[in-house]
Protein chains: 2
Amino acid sequence: MDTSLEILKRNRLSITEGRKKILELFLETDGALAHADIEKNTDAAFDRVTVYRTLQTFVEKGIVHQIPTTDNAVLYALCKHDCAQGHHHDNHVHFICSHCQKTICLDDVTVPIVKLPTGFTPTQSAMIVSGICNDCKKKATP
Amino acid sequence: MDTSLEILKRNRLSITEGRKKILELFLETDGALAHADIEKNTDAAFDRVTVYRTLQTFVEKGIVHQIPTTDNAVLYALCKHDCAQGHHHDNHVHFICSHCQKTICLDDVTVPIVKLPTGFTPTQSAMIVSGICNDCKKKATP
DNA sequence: AATAAATTTGCAATATTGTTGCAAAACTTA
DNA sequence: TAAGTTTTGCAACAATATTGCAAATTTATT
C-alpha cells in the first residue's frame, strides 16, 4: 500500500502538511470525497482555498479523479492505477449508494464501449450507477 | 410534436408564463441547458428563484432530467419519452462535445447494463461520453 | 363572470461554493 | 544555512443556491 509521502514524492510535489493530510484522508476512506467532506474531516485546519488548490493539483497530477454527479457537488476519488499527468484512465464504473450516499469506485468494472451515431468521436466515457451497495445490503439482510 | 401547453396540462401543472417560456426554450433547443443558459435566453424576465423552482418541478414531474457533469454545473434536458413522476427512464447516453461544449442526448443509444460485484444492486445508470460531435466534425472536414 | 381557494412568483435576506491577488510562511535546493 | 522557489492563508469578491413571506396569478367553484 502506498503512503501519502510516497505518492507525493513520486509525483514530484512539495511535501506539505495540507497535501499529506488530504491524501491520507483519501487513503483511509473507501469511497469518494466532496470538497465539503474534506473540510469537515480536517477540522478546518486548512483554508478553503488550500483545499481547492490541493484538489486541483491532485487532479492535474493524476492522483485523484473527478466523478460527475447531478447534485452540484463534484466528487473526488483516488486513482488506484497511476494516471499520467493530465491523462486519467479512470475508466471504471462509479457506484452511488442511494442508502448511505457513499460513492464507490468499482475498480474492476470497466465502462463498456458504446456504438455512437455516425459523426460522433468519443474520447472519454464515464458511467455512474446508483442503487444499494454491498455494505447496506448486508445490514438489511443479516 | 408536443407543445409546451400540452406538456404542462398532461402533467397537471398550472399554466404560467414562466413555465411556458422555459419549456419552449427546451423544446427549441437541441441539447441540454444549464440554469445559466435559461437565465440568459429569457432575458432575465424571471427571477432566478423561479427558474430554480421551475426546473425542480420539471424534474419531479419527469418533464426534464438532470445530466451529471464534472464541472459543477448540473445540466437539464427534455425527457423525450414521457417519464413517470419521480421515476425517470432517461437511460440513454449523453454526449458532451469538447469543442462546442454542447451536451446532446443520444436518444437511440441505450446505456449498457454492466455486471456489478456481488452485493451491489443497481437501480439506475447514467453514461456520459465526451468527444467531438457530428456538427463540429462536419465543420472540421468540409 | 365573479369570487374563493390554491398555487406560484418575486423580493429580500442568507447560505454555500468557487476564484483571484498578494504578502507571509513553508519547503526545496545547493 | 541561506537563497530561491513554491505553497499557504487572508481578504475581498463573484457566482450559485436556498428559504420565508407577502403579493400576484392561476384554478376551481358557484
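Per chain, numbering begins at 1; letters A, B, ... match sequence-line order. The figures here come from the full heavy-atom set of this structure, side chains too, leaving out hydrogens, waters and symmetry mates.
Between A:Lys21 atom NZ and D:dT8 atom C1' the separation is 15 Å, expressed in whole Å. Between B:Arg19 atom CZ and D:dT27 atom C1' the separation is 12 Å, expressed in whole Å. One interatomic measurement links the two molecules: NZ of A:Lys20 to P of D:dT8, which rounds to 12 Å at whole-angstrom precision. Between A:Asn11 atom CG and C:dC27 atom P the separation is 18 Å, expressed in whole Å. Between A:Arg12 atom CZ and C:dT29 atom P there is a gap of 11 Å when expressed in whole angstrom units. Rounded to an integer number of Å, the gap from CG of B:Leu55 to C1' of C:dT9 is 15 Å. One can place CD of A:Glu17 at 16 Å from C1' of D:dT6, the figure rounded to the nearest angstrom. The separation between A:Leu75 atom CG and C:dT17 atom C1' is 14 Å, rounded to whole Å.
Ring orientation note: the planes of A:Phe95 and B:Phe120 are nearly perpendicular, at an angle over 60° on the 30°/60° scale.
The side chain to side chain donor-acceptor pair (under 3.5 Å) test applied to A:Glu24 returns A:Ser4, not counting sequence neighbours.
The main-chain N or O of B:Ile96 is never found under 3.5 Å from a side-chain atom of B:Thr103 such that the two would form a donor-acceptor pair. Using a distance-only test at 3.5 Å, with no hydrogens or angles considered, a donor-acceptor pair links the side chain of B:Ser98 to the main chain of B:Gly131. A distance-only check finds a donor-acceptor pair linking the side chain of B:Asn72 to the backbone of A:Val74 [under 3.5 Å]. No donor-acceptor pair under 3.5 Å is formed between the side chain of B:Thr70 and the backbone N or O of A:Pro68.
For the pair A:Lys9 and A:Glu6, the salt-bridge criterion is not met [side-chain N within less than 4.0 Å of a carboxylate O].
Looking at the side chain of A:Thr16, the nearest of the listed nucleotides C:dT8, D:dA17, C:dC27 is C:dC27.
Taking every heavy atom of both residues into account, B:Asp2 and B:Leu27 meet most closely at O-CD1, 3.9 Å.
Taking the nucleotide of DNA chain D with the nearest heavy atom to each of B:Gln56 and B:Ser14, the more 5' of the two is matched to B:Gln56.
In the region residues 32-44 of chain B, proximity to DNA chain C at under 4.0 angstrom, judged on heavy atoms, holds for none of the residues. Less than 4.0 Å separates DNA chain C from at least one heavy atom of each of the following residues of residues 45-53 of chain A: A:Arg48, A:Val49, A:Tyr52, A:Arg53.
Listed pair A:Asn72 / D:dT16 fails the phosphate criterion, with no side-chain N or O lying under 4.0 Å from OP1 or OP2.
The only option from A:Asp108, A:Leu106, A:Asn134 that meets the side chain to side chain contact (heavy atoms under 4.5 Å, CB included) definition with B:Leu116 turns out to be A:Leu106.
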